[in-house]
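Working notes, beginning with the structure itself.
Proteins come first, then strands; the chains are lettered A, B, ... in the order of their sequence lines, and each starts at number 1. Please read these numbers as outputs of a predicted model, since none were measured by experiment. The figures here come from the full heavy-atom set of this structure, side chains too, leaving out hydrogens, waters and symmetry mates.
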There are 2 protein chains.
Amino acid sequence: MSSQKATISDRIQEKLDALTRAERQLALSILENYPASGLGPLASLAKDAQVSVPTVARMVQKLGYKGYPDFQAELREELRAKAKDPIAKHDTWAEAAPSEHLLNRFTDAVIDNIRLTLGQINPEEFDRACALIADQSNHLFVVGGRITHTLAEYFFMHMQVIRSNLTHVQSTSNTWPHYLLNAQEGDVFVIFDVRRYENNTLKLAEMAHARGARIILFTDQWRSPVHHLADVSLSCRIIVPSAWDSSATTMLLVETMIAAVQDLNWDETKERMEALEVMFDQTKLFRKFT
Amino acid sequence: MSSQKATISDRIQEKLDALTRAERQLALSILENYPASGLGPLASLAKDAQVSVPTVARMVQKLGYKGYPDFQAELREELRAKAKDPIAKHDTWAEAAPSEHLLNRFTDAVIDNIRLTLGQINPEEFDRACALIADQSNHLFVVGGRITHTLAEYFFMHMQVIRSNLTHVQSTSNTWPHYLLNAQEGDVFVIFDVRRYENNTLKLAEMAHARGARIILFTDQWRSPVHHLADVSLSCRIIVPSAWDSSATTMLLVETMIAAVQDLNWDETKERMEALEVMFDQTKLFRKFT
DNA sequence: AGCGATTTGTGATATTTTTTTCACATATTT
DNA sequence: AAATATGTGAAAAAAATATCACAAATCGCT
C-alpha cells in the first residue's frame with residue numbers, strides 16, 4: 001500500500017498540460033531545483049523563472065492553494081516528511097499491531113533518535129576516539145553512573161576481551177578516588193553521563209582531566225557538563241514515549257565502537273577470542289553453536 | 001579535511017557551547033527537523049521550540065546573520081546545493097562519513113535487525129507478557145547470563161521503580177538455586193538467553209517451569225532452548241558487521257516493555273517516580289534539568 | 001496574414017504578514 | 001545579591017502578498 005501522499009512535485013507534473021506557457025515555464029523552474037526555490041519569497045521565484053509576480057500568484061491558486069504561503073507551508077511539510085523518510089516507508093514496524101501500539105510508537109522514536117544522532121556525529125572524532133581506546137599503552141578507565149552503569153559494564157566487558165590494561169569505575173561508588181591514584185597523563189577515560197548528570201561523575205572527570213588524561217564522553221543531546229573536558233563527545237538522542245529515556249541509541253554507538261576497536265586490534269584480539277572459545281568449550285559453560 | 005562548505009547545521013553545533021539555555025533549546029529544535037523548521041516564519045519556529053520570538057531574533061544574529069531572512073536565505077542556498085550534489089543523494093546515516101564507514105554499515109545492520117524483529121513480533125503475546133510482568137501479585141524474577149546480564153540488570157533496575165516483589169538472579173552465579181526455593185506457581189521469570197546459550201540458564205528455566213512459574217524469554221533469532229518452556233518468546237535479530245552480536249534490538253524491546261509496564265502500573269508508579277525525583281533533588285546528586 | 005480570444009506583464013496600491021526592536025517584569029544562574 | 005538571560009506585550013518598520021486595471025504579447029484559428 002504505497003499510499004504515499006502526492007508531493008507538490010507530482011501535482012505540478014500532473015497539471016503540467018493544463019498550464020499555460022508562462023505557467024509551465026514557472027512550473028519547470030520550480031522543479032529545476034526543488035524544493036529550494038519554492039521556499040523563498042514569491043518575488044524571487046518570479047524573477048528566477050523570468051515570469052511576472054501575478055503569474056506566480058495565479059498559478060499557485062490554480063494548483064489549488066489558498067495562496068503562496070499556503071503553498072509554501074505544504075512544501076515545508078513535504079521536506080519535513082522526507083527528512084524522516086529514509087526507512088519510514090514502513091507504516092508500522094510491528095505490522096501485526098496498529099500504528100498506535102506502543103511497539104510502533106516506541107520504535108519510531110528510536111529510529112528517529114538513531115537518525116538524528118548519526119546525522120550529527122563527526123566521523124573523524126569517532127575514529128579518533130576508537131584509536132585512543134585501541135591503544136593499549138594507555139590505561140583505559142570506563143566510568144558509568146546510576147543509569148548508565150549497565151552500558152559502561154557492557155562496554156567494559158567487551159573491552160576486557162579486546163585489550164588489557166583497563167579498569168571499570170563506578171562513579172556512584174565512593175571508592176573511585178582510589179582508582180584515580182593510578183591515573184596518569186595520557187590515560188583514557190570513557191565516561192557515560194546522561195541526564196540527570198551526576199556530580200560525582202563531573203568531579204571524577206575534572207580530576208582525570210587535571211591529571212592529563214583524555215576523556216571520551218557518551219552523553220545525551222543536552223550534553224553532560226563533562227563535555228567541556230572531553231576530547232571526544234558523542235551525544236545521543238534519548239527521547240521516547242516513556243517516562244524513561246532510551247539507551248538504545250547509545251547502545252548502538254557503543255557497539256559500533258566496540259566493533260571498530262576490535263577491528264583495529266584484530267591481530268591480537270583474534271588470539272584472545274580463540275582462547276576464550278576454547279575455554280568455554282572446555283568448561284562446558286556454553287553449548288556449542290551450530 | 002572535506003572541502004565541503006560548512007552547513008548551518010555545522011555552524012550551530014560548533015557554537016552550541018556559546019549559546020545560552022533557551023538558545024540551545026532553539027538550536028536543538030532547529031536541528032530536530034532540519035532544515036524544514038528554519039524555513040518557516042520566525043514566529044512558528046519560536047513556537048515549535050517553545051521559545052520567545054526575541055530569542056530567535058537574538059540567536060540568528062549571534063550566529064552571524066544580519067537577520068532572520070538572511071539566515072533563511074542561506075538555508076535555502078544549502079538546500080539548493082545539496083540537491084545538486086549527486087553524491088549527497090546517498091542515504092547514509094552519518095552523512096559526514098562515507099557509506100562504507102563502519103558507522104553506516106553497522107547502523108544499517110541494526111536498523112535491519114529492528115525491522116525484521118518487529119515484523120515478527122506478535123503484539124498480543126507482547127501485551128500478554130507486559131500484563132504478566134505488571135501484575136505485582138506474582139513475584140518477578142529477572143535472569144541474565146554472561147553477555148546478557150547487563151540487559152537483565154537494566155530491566156531489573158527499571159522494574160525496581162515500577163513495582164515491588166522482584167528479584168534479580170544471575171544464572172552464571174552459583175547462588176541461584178537458593179532463589180528458586182522461594183519460587184511458586186504463578187511467579188514470573190523474565191529470562192535473557194542469547195547464543196551461546198547457557199546450560200545454567202536452561203536448568204534454571206526447567207526448574208522454574210517445573211514449579212509452575214511462567215517464563216518470558218528474550219532470545220535471539222535462533223532461539224534459546226528455553227523457548228520450549230516459555231509462555232512468551234521474544235526473539236531478536238542480532239547480526240551486525242562485528243565479531244560480536246548486537247544487543248541494540250533487544251535493548252529496544254526491553255525498553256518498550258519497560259514503558260508498557262510502566263503505563264499499566266502508572267497510578268502507583270507515579271508516586272514512586274515522584275518520590276524518586278524528590279530524593280534526587282534533595283541529595284543534589286543530579287543537577288536540575290530545564 | 002489577420003482576427004478574436006486568451007494570456008501575460010506592468011505598475012500601482014491595498015492588505016496582510018513578518019520581522020525587528022523596545023522597555024520592563026520575571027526567571028535563572030553565578 | 002548581582003548579573004545574566006528570558007519572556008511579555010506592544011508597536012513600528014519592513015517585507016511580502018494579493019489584487020487591480022490596462023496595455024502588450026501570444027495563441028488558435030481560418
Side-chain angles (χ1 to χ4, degrees), chain A residues 8 15-30 35-76 195-197 199 202-203 206 222-228, chain B residues 8 12 15-30 35-76 281 284 286-290:
Chain A
I8 291 193
K15 287 216 176 188
L16 211 53
D17 293 329
L19 299 179
T20 60
R21 181 191 52 79
E23 285 171 347
R24 195 152 36 233
Q25 185 177 325
L26 168 60
L28 290 174
S29 168
I30 292 177
S37 42
L39 291 164
L42 184 149
S44 327
L45 178 56
K47 198 176 161 199
D48 275 6
Q50 293 180 290
V51 146
S52 73
V53 167
T55 298
V56 180
R58 282 190 280 252
M59 194 187 75
V60 291
Q61 299 193 3
K62 213 172 192 172
L63 288 175
Y65 300 96
K66 204 185 155 201
Y68 189 67
D70 194 28
F71 169 79
Q72 281 191 319
E74 193 157 322
L75 265 186
R76 279 197 303 274
R195 76 173 181 186
R196 300 142 162 273
Y197 314 117
N199 271 332
L202 179 55
K203 276 189 203 153
E206 277 164 354
W222 302 283
R223 303 207 209 172
S224 148
V226 172
H227 96 269
H228 292 112
Chain B
I8 290 194
I12 289 178
K15 288 216 174 187
L16 212 52
D17 291 327
L19 299 178
T20 60
R21 179 191 49 80
E23 286 171 344
R24 201 156 27 235
Q25 184 177 325
L26 168 62
L28 289 173
S29 167
I30 293 176
S37 43
L39 291 165
L42 184 151
S44 326
L45 178 56
K47 200 177 161 196
D48 275 5
Q50 293 180 292
V51 145
S52 72
V53 167
T55 298
V56 180
R58 283 190 279 250
M59 194 188 77
V60 291
Q61 299 194 2
K62 214 171 192 173
L63 288 175
Y65 300 95
K66 204 185 156 199
Y68 188 68
D70 193 28
F71 169 79
Q72 281 191 320
E74 193 157 324
L75 266 186
R76 279 197 304 274
D281 280 355
K284 296 282 182 199
F286 298 108
R287 305 199 154 182
K288 198 143 195 171
F289 172 73
T290 46

Separation of [N] [atom2] from [X] [atom1] (nearest whole Å):
X     : N      : atom1 : atom2 : result
A:K62 : D:dA18 : NZ    : P     : 16 Å
A:Q72 : D:dA16 : CD    : C1'   : 10 Å
B:M59 : D:dT4  : CE    : C1'   : 18 Å
A:Q50 : C:dT7  : CD    : C1'   : 18 Å
B:R21 : C:dT29 : CZ    : P     : 6 Å
B:R58 : C:dC22 : CZ    : P     : 11 Å
A:D70 : D:dT17 : CG    : C1'   : 13 Å
A:R24 : D:dT26 : CZ    : P     : 15 Å

Does the side chain of B:L39 come within less than 4.5 Å of A:Q72's, by heavy atoms?
no

For residues A:L26 and A:L45, determine if any side-chain heavy atom of one lies less than 4.5 Å from a side-chain heavy atom of the other.
yes

Which atom of B:E74 lies closest to which atom of B:I8, heavy atoms considered
CB-CD1, 4.0 Å

Locate the shortest heavy-atom distance separating A:S37 from A:S29; write the atom from each residue and the value.
OG-O, 3.9 Å

Taking the side chain of [X] as its heavy atoms from C-beta onward, which of [options] lies nearest to it?
X     : options                : answer
A:Y68 : D:dA18, C:dT8, C:dT20  : D:dA18
A:P54 : C:dT20, D:dA18, D:dT19 : D:dT19
A:P41 : C:dT20, D:dT19, D:dA16 : D:dA16
A:P69 : C:dT18, D:dT17, D:dT8  : D:dT17
A:S52 : D:dT8, C:dT10, D:dT6   : C:dT10
A:T55 : D:dT19, C:dT8, D:dT6   : C:dT8

Do the side-chain N or O atoms of A:Q61 get closer than 4.0 angstrom to the phosphate oxygens (OP1, OP2) of D:dT19?
yes

Is the phosphate of C:dT8, meaning OP1 or OP2, less than 4.0 Å from a side-chain N or O of A:T20?
yes

Is the number of heavy atoms from other residues, nucleotides or ligands under 6.0 Å of B:K62 NZ greater than 12?
yes

Hey, does A:V53 reach any base, or is it just sugar-phosphate, or nothing, if we go heavy atoms under 4.0 Å?
nothing

